[in-house]
> 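This is the structure I have questions about; it appears just below.
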2 protein chains.
Amino acid sequence: MTTRGEMWQAEILRLLRQNHAPVKAYQVLATLRKIHGKLAPTTIYRALSALQERGRVHRVESLNAFIACQSRRDKQPSILSICNECGSVEESVAPDLLNDLSNVIGETGFSPKRHVVEVHGTCASCNSRKAQA
Amino acid sequence: MTTRGEMWQAEILRLLRQNHAPVKAYQVLATLRKIHGKLAPTTIYRALSALQERGRVHRVESLNAFIACQSRRDKQPSILSICNECGSVEESVAPDLLNDLSNVIGETGFSPKRHVVEVHGTCASCNSRKAQA
DNA sequence: AGAAGTAATGTTATATAGTAACTAAATCTG
DNA sequence: CAGATTTAGTTACTATATAACATTACTTCT
């Protein structure tokens, strides 16, 4: 059985997967409105939250935007590399590094629950493009 | 000589330093309005940007909020530990770790410019408070 | 099956966050 | 000091997100 909510999730996930760059909630909203007419932000945000919980979508905190998960090694917290030039986002998984991070901040007695690691810079292809110029 | 803009910066910095938890831009705005009357968001955002550039204030990306820098080892990118219970934020500096991070994501040819590392969890004092209960 | 309760979704309205574009004042330069 | 340039103020707006309530669909009990 497919609930209405699950349909929104599926459709949004498909949309996000078509983009290699993060997509804003209101872009999603506008796109879906073209297809389905009237539609409230709430619907989008609810679907996006569910997708995040299911580990299908990352919220890019430093952009207020969303991107489909690439590596699906089951909800491993990811490191996002965001290119300032072309907007593309690469996902890396580095458990050791996040472990170190947990240890460093754990020294003061802090217990980590959620890691937000986002790095802004220039991606490989934009780097080489600029090197040529 | 103190320009008008610098006065806003000083006043906002003072305000942020009084709080150990991050403060939202519109909280700053509301507070300053009580003192100075009419005041536009632009004023606040301009001052906050300047403070960030001067390395006096961090923007907490995952909260859309601002906090005064604690460690002033000159604009070292910081790691922020954010307590979900009490809202307090601790700042850590770990150059080695950020170096590792740069290396990991640099493997694909990505060159990092700005690091956003924010960890949500429970701080030491909230941990012990909960352990007692 | 039908009534009663619960959970999921839709709807309306509003709160919160941030910026663009222009005006006015201050400062700098010759 | 006139003209140019930078800095700050003002107005209006756009973007992001959530609260609160209404409605619909689902469940469970009889």
Side-chain angles (χ1 to χ4, degrees), chain A residues 1-13 15-16 19 21-54 56-67 82 84 87 89 114 116 118 120, chain B residues 1-13 15-16 19 21-54 56-67 82 84 87 89 114 116 118 120:
Chain A
M1 183 207 55
T2 313
T3 66
R4 286 163 293 174
E6 283 162 359
M7 291 185 58
W8 293 129
Q9 289 177 43
E11 188 159 357
I12 291 174
L13 187 53
L15 204 162
L16 291 183
N19 288 272
V23 183
K24 304 275 198 163
Y26 273 70
Q27 291 182 289
V28 174
L29 183 57
T31 307
L32 293 207
R33 269 179 177 161
K34 279 180 197 153
I35 307 169
H36 300 282
K38 192 176 168 188
L39 204 55
T42 316
T43 307
I44 305 300
Y45 282 105
R46 282 208 273 242
L48 286 170
S49 300
L51 285 167
Q52 281 174 86
E53 268 163 30
R54 290 172 51 208
R56 303 294 178 156
V57 158
H58 294 294
R59 186 191 153 84
V60 186
E61 298 288 350
S62 53
L63 297 176
N64 295 342
F66 300 85
I67 191 159
I82 302 150
N84 292 329
V89 174
R114 182 169 75 100
V116 176
E118 301 175 1
H120 294 253
Chain B
M1 182 210 55
T2 312
T3 66
R4 286 162 293 174
E6 282 162 359
M7 291 185 57
W8 293 129
Q9 289 178 43
E11 188 158 358
I12 291 174
L13 187 54
L15 203 161
L16 291 182
N19 288 271
V23 183
K24 305 273 198 164
Y26 274 66
Q27 291 183 289
V28 174
L29 182 58
T31 306
L32 293 206
R33 270 179 177 161
K34 278 179 197 154
I35 307 168
H36 300 282
K38 193 176 167 188
L39 203 56
T42 316
T43 308
I44 304 300
Y45 281 104
R46 282 209 274 243
L48 285 169
S49 299
L51 285 167
Q52 282 175 85
E53 268 164 31
R54 290 173 50 209
R56 302 295 179 157
V57 158
H58 294 294
R59 186 191 152 84
V60 186
E61 298 289 349
S62 53
L63 297 176
N64 295 341
F66 301 85
I67 190 159
I82 302 150
N84 292 330
V89 174
R114 182 170 75 100
V116 175
E118 300 175 2
H120 293 253

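Numbers restart at 1 for each chain; the letters A, B, ... are given by sequence-line order, proteins then strands.
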> Does the side chain of A:R59 come within less than 4.5 Å of A:I67's, by heavy atoms?
no
> Name all residues meeting the side chain to side chain contact (heavy atoms under 4.5 Å, CB included) criterion together with A:S62; count only those two or more places apart in sequence or in a different chain, and write none if there are none.
A:V60, A:I82, A:E118, A:H120, B:E61, B:R114, B:V116
> Going by side chain to side chain contact (heavy atoms under 4.5 Å, CB included), name the residues that satisfy it together with A:L51, two or more places apart in sequence or in a different chain.
A:Q9, A:I12, A:L13, A:R54, A:R56, A:V57
> With rounding to the nearest 0.5 angstrom, report the NZ to CG distance, B:K38 to B:L32.
16.0 Å
> Enumerate the residues from residues 28-35 of chain B whose closest heavy atom to DNA chain D is under 4.0 Å, giving them by residue number; use none for an empty result.
none
> What distance separates A:L29 CG from A:H36 NE2, expressed to the nearest 0.5 Å?
11.5 Å
> In whole Å, what is the span from the CE atom of A:M7 to the P atom of D:dA25?
14 Å
> Which donor-acceptor pairs under 3.5 Å do side chains of residues 40-50 of chain A form with protein atoms, sequence neighbours excluded?
from: A:T43; atom 1: OG1; to: A:A40; atom 2: O; distance (Å): 3.4
from: A:S49; atom 1: OG; to: A:Y45; atom 2: O; distance (Å): 2.9

> Any side-chain heavy atom of B:I35 within less than 4.5 Å of one from B:E11?
yes
> Would you give a per-nucleotide map of nucleotides 7-19 of chain C, 5' to 3', where B means the base has a protein non-hydrogen atom under 4.0 Å away, S means only the sugar-phosphate does, and - means neither?
--SBBB----BBB
> A:Q27: which residues meet the side chain to side chain contact (heavy atoms under 4.5 Å, CB included) condition with it, sequence neighbours left out?
A:V23, A:K24
